[in-house]
Amino acid sequence: MNTFGIIIAVATVGGVGLLISIFLTVFGNIFKVEVDEREQAILEALPGNNCGGCGFPGCAGLAEAIAKGNAPVNGCPVGGKDVAEKVASIMGQDASEFKRMVAYVKCAGTCDKTVRNYEYSGIKDCVMAKSVPGGGEKACDYGCLGYGSCARACEHGGIDIVDGVAVVNKEMCKSCGACVRACPNNLIELIPYDASVVVKCSSKDKGPQVMKVCSTGCIGCGICVKNCPQNAITVDNFVAHIDQDKCIGCGICMEKCPKKVIVNA
C-alpha cells in the first residue's frame, strides 16, 4: 500500500469516527435525561435498605419521588427523624413532625391459652403451615402460627418467637414493614411507638367460637366501646380496634375488658 492509500484510509476512519461522535453528541443531547442533583443527594442520605417500607421501589424510587414533590421528606420509616431532617435540608424544607412507628402482633394466643387440633411436624414456616389442612395446628384460624416467618423477614433482628407467638422488640423495630408482608394471617400492623394500649387479637369469629379455641381472644362484647371516654374503640367483625390517634391511654378499656385482651403496648 502506498503512502497516498494510507492517508486515504486514515482520513476515512477519522471521518467516520468524527461523524459517529457528532451523531452521538446530537442524539445524546436530544434524549438526555435531566437528573435532579437533589435526587442524588437524597439517595445518599437514605439508609440504603431498599426495604420498600416507604411504599416505593427501593431507596432510589423514594429519592426520586421526594425530589419531584410526590413524597414527604420524612417518607423513610427506617431512617427515622435524623434522615428526615437531612432530606428536609436538601429540599429546603422544614422537617414535619416525625411519628415513629413500630410493628405489633395482634395475637395473645400463647401455647397455654390456645387449643391445638394436631401436632404439626412439617417445615417450620408460617406460609407452609398455613397451606396444610386446617391452616396450621392451632384451632384459631386467625392466630399467630408461631413458626417465625416474620422473624426471618426482619433484617434488624427485632422479632422473637416466645411461647408460640411472635413478639416485637420496639427498640429494634425500624418499621420497614417486612414482617407485615411476611405474615400469612395478616396479624402484624404498624402503630405509633408511643401507643399506650393495643388489642392483642384479630379473630373474626363470634364470641362463643373464640372461647372454644382461645382463653384470651376478643369476643366482640363491646364493653370497651361503651366505656371509652374518647370514642377511640370500635368493634368490627367481632373484634375490637383502637384508633391510636384518639386514644389517650387512660386504661379504662383494659380494666373493663372481660378477656384481658386489651393490654399495654
Side-chain angles (χ1 to χ4, degrees), residues 49 51-53 77-78 80 100-205 210-211 213-219 236-242 244 247 254 257 259-265:
N49 290 60
C51 62
V78 176
R100 181 180 176 184
M101 305 292 283
V102 294
Y104 97 101
V105 182
K106 298 179 288 183
C107 180
T110 51
C111 295
D112 60 323
K113 295 176 182 176
T114 56
V115 174
R116 277 177 159 71
N117 289 328
Y118 56 85
E119 190 70 27
Y120 175 73
S121 58
I123 298 172
K124 302 302 181 181
D125 177 83
C126 298
V127 176
M128 294 297 294
K130 184 70 176 178
S131 67
V132 304
E137 62 183 321
K138 290 183 179 178
C140 176
D141 293 332
Y142 304 94
C144 179
L145 294 164
Y147 297 120
S149 292
C150 55
R152 288 186 290 276
C154 179
E155 297 181 356
H156 312 286
I159 302 180
D160 294 304
I161 305 301
V162 180
D163 200 12
V165 174
V167 177
V168 177
N169 184 323
K170 289 175 60 174
E171 304 307 323
M172 297 177 70
C173 178
K174 302 297 182 182
S175 67
C176 67
C179 58
V180 177
R181 296 186 291 273
C183 178
N185 274 353
N186 300 312
L187 283 174
I188 307 176
E189 68 179 41
L190 299 178
I191 63 172
Y193 173 84
D194 56 2
S196 299
V197 293
V198 293
V199 180
K200 296 286 286 185
C201 183
S202 63
S203 175
K204 296 177 177 59
D205 286 333
V210 172
M211 289 189 288
V213 298
C214 181
S215 64
T216 190
C218 178
I219 57 177
D236 185 34
N237 285 328
F238 309 109
V239 65
H241 177 77
I242 298 174
Q244 297 295 342
C247 178
M254 290 193 296
C257 178
K259 303 302 292 182
K260 302 306 176 186
V261 73
I262 303 179
V263 299
N264 287 314

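Given the structure is predicted, the values throughout are model-derived calculations rather than measurements.
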> Any idea which heavy atoms bring V127 and P184 closest together, and the distance?
Replying inline: N-CG, 4.1 Å
>> If I compare all heavy atoms of V263 with all of K200, which pair ends up nearest, and what's the gap?
In response: CG2-CG, 3.3 Å
> To the nearest 0.5 Å, how far apart are OG in S175 and OH in Y193?
Replying inline: 12.5 Å
>> Any non-hydrogen side-chain atom of C176 less than 4.5 Å from a side-chain atom of N49?
In response: no
>> The test is side-chain contact (heavy atoms from CB on, under 4.5 Å); show your working for T114 and C140 and say whether it passes.
In response: CA-CA 8 Å; T114 56; C140 176; 5.6 Å; no
> Hey, which of V210, I262, V261 is the one that makes side-chain contact (heavy atoms from CB on, under 4.5 Å) with C218?
Replying inline: V261
>> With rounding to the nearest 0.5 angstrom, report the CD to NE2 distance, E189 to H241.
In response: 6.0 Å
>> Once rounded to the nearest 0.5 Å, what's the spacing between atom CD of Q244 and atom CD1 of I191?
In response: 5.5 Å
> Do the side chains of N264 and V197 get nearer than 4.5 Å, heavy atoms only?
Replying inline: yes
> Can you tell me if CE on M254 sees more than 12 non-hydrogen neighbours from other groups inside 6.0 Å?
Replying inline: yes
Under 3.5 Å, side-chain donor or acceptor atoms of residues 148-157 against the rest of the protein: list the pairs with distances, not counting sequence neighbours.
{"unit_1": "S149", "atom_1": "OG", "unit_2": "D125", "atom_2": "OD1", "d": "3.0"}
{"unit_1": "S149", "atom_1": "OG", "unit_2": "C126", "atom_2": "N", "d": "2.9"}
{"unit_1": "R152", "atom_1": "NH1", "unit_2": "Y147", "atom_2": "O", "d": "3.1"}
{"unit_1": "R152", "atom_1": "NH2", "unit_2": "K124", "atom_2": "O", "d": "3.0"}
{"unit_1": "R152", "atom_1": "NH2", "unit_2": "D125", "atom_2": "OD1", "d": "3.3"}
{"unit_1": "R152", "atom_1": "NH2", "unit_2": "Y147", "atom_2": "O", "d": "3.1"}

> Roughly how far apart are I188 CD1 and R181 CZ, rounded to 0.5 Å?
Replying inline: 11.0 Å
> Is the backbone N or O of G143 less than 3.5 Å from a side-chain atom of N185, with the two atoms forming a donor-acceptor pair by type?
Replying inline: yes
>> Treating K138 as the side-chain partner and G164 as the backbone partner, does any N or O pair qualify as donor plus acceptor under 3.5 Å?
In response: yes
>> If the condition is salt bridge (charged side-chain N to carboxylate O under 4.0 Å, His left out), which residues does R116 pass it with, not counting sequence neighbours?
In response: E137
> Short question: side chain of Y118, backbone of G136 - any donor-acceptor pair under 3.5 Å?
Replying inline: yes
> Between CD1 of I219 and OG of S203, what distance do you get to the nearest 0.5 Å?
Replying inline: 11.0 Å
